[in-house]
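Contents: one structure, followed by commentary.
Numbering of residues begins at 1 and proceeds along the displayed sequence.
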Amino acid sequence: MKRTEKITNTTSNETFNDAVRFERAYMFPFTLNENVWICFREKQRAVSVFVTDISIKGIQLSGSWYTWDELEKSGGVYESEFDALRSMS
């Protein structure tokens, strides 16, 4: 039985190249249970939330799903409060 495997330094180049070639390799910007900041430009505020799940087309923040396009329009997701507030100015 095959299982999901993490790509590490010990992953062979052949396996890594196959994952990229068959579009099975993704880089996610955040990790699960990480505290991040979501911006709402129209309300001029940043809110602290937790990453509860990540998918290819979106991210779940404190239980609510957002598409990456929605987040880009509203202001984005940032690792620190400083980056979130700086993006609104």
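For the atom pair CG (L71) and CG (D69), the distance works out to 9.0 Å, reported to the nearest 0.5 Å. Taken to the nearest 0.5 Å, the SG atom of C39 stands 7.0 Å off from the CG atom of L85.
When all heavy atoms of W37 and A84 are compared, the pair lying nearest together is CB-CB, 3.8 Å.
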Would you mind writing out the side-chain donor-acceptor pairs for residues 75-82 within the sub-3.5 Å range, not counting sequence neighbours?
from, atom 1, to, atom 2, distance (Å)
Y78, OH, G75, O, 3.0
Y78, OH, S87, OG, 3.4
S80, OG, D83, N, 3.2
S80, OG, D83, OD2, 3.1

Cut-off 3.5 Å, no hydrogens considered: what does the side-chain donor-acceptor table look like for residues 16-25, sequence neighbours left out?
from, atom 1, to, atom 2, distance (Å)
N17, ND2, N13, O, 3.2
D18, OD1, R21, NH2, 2.4

Considering only distance and modelled atom types, tabulate donor-acceptor pairs under 3.5 Å from the side chains of residues 27-36, sequence neighbours left out.
from, atom 1, to, atom 2, distance (Å)
T31, OG1, E34, OE1, 3.4
E34, OE1, T31, N, 2.9
N35, OD1, S48, OG, 2.7
N35, ND2, S48, OG, 3.4

Which pairs of donor and acceptor atoms, one on a side chain in residues 49-60, lie under 3.5 Å apart (sequence neighbours left out)?
from, atom 1, to, atom 2, distance (Å)
T52, OG1, Q60, O, 3.1
T52, OG1, Q60, OE1, 3.2
T52, OG1, G63, N, 3.4
S55, OG, K57, N, 3.4
S55, OG, G58, N, 3.1
S55, OG, G58, O, 3.2
Q60, NE2, G63, O, 3.4

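No continuous path of ILVMFWY side-chain contacts below 4.5 Å connects M88 to V47, so the two sit in separate hydrophobic clusters. In the hydrophobic clustering of this structure, F40 groups with W68; members are Ile, Leu, Val, Met, Phe, Trp, Tyr whose side-chain heavy atoms approach within less than 4.5 Å, directly or through other members.
Shown here are the side chain to side chain contact (heavy atoms under 4.5 Å, CB included) partners of S64, two or more places apart in sequence or in another chain: Y66. Every residue two or more places apart in sequence or in another chain that forms a side chain to side chain contact (heavy atoms under 4.5 Å, CB included) with T10 is listed here: T8.
Sequence neighbours left out, not one pair with a member in residues 3-13 passes salt bridge (charged side-chain N to carboxylate O under 4.0 Å, His left out).
A 6.0 Å sphere centred on CD of E70 holds more than 12 heavy atoms belonging to other residues, nucleotides or ligands.
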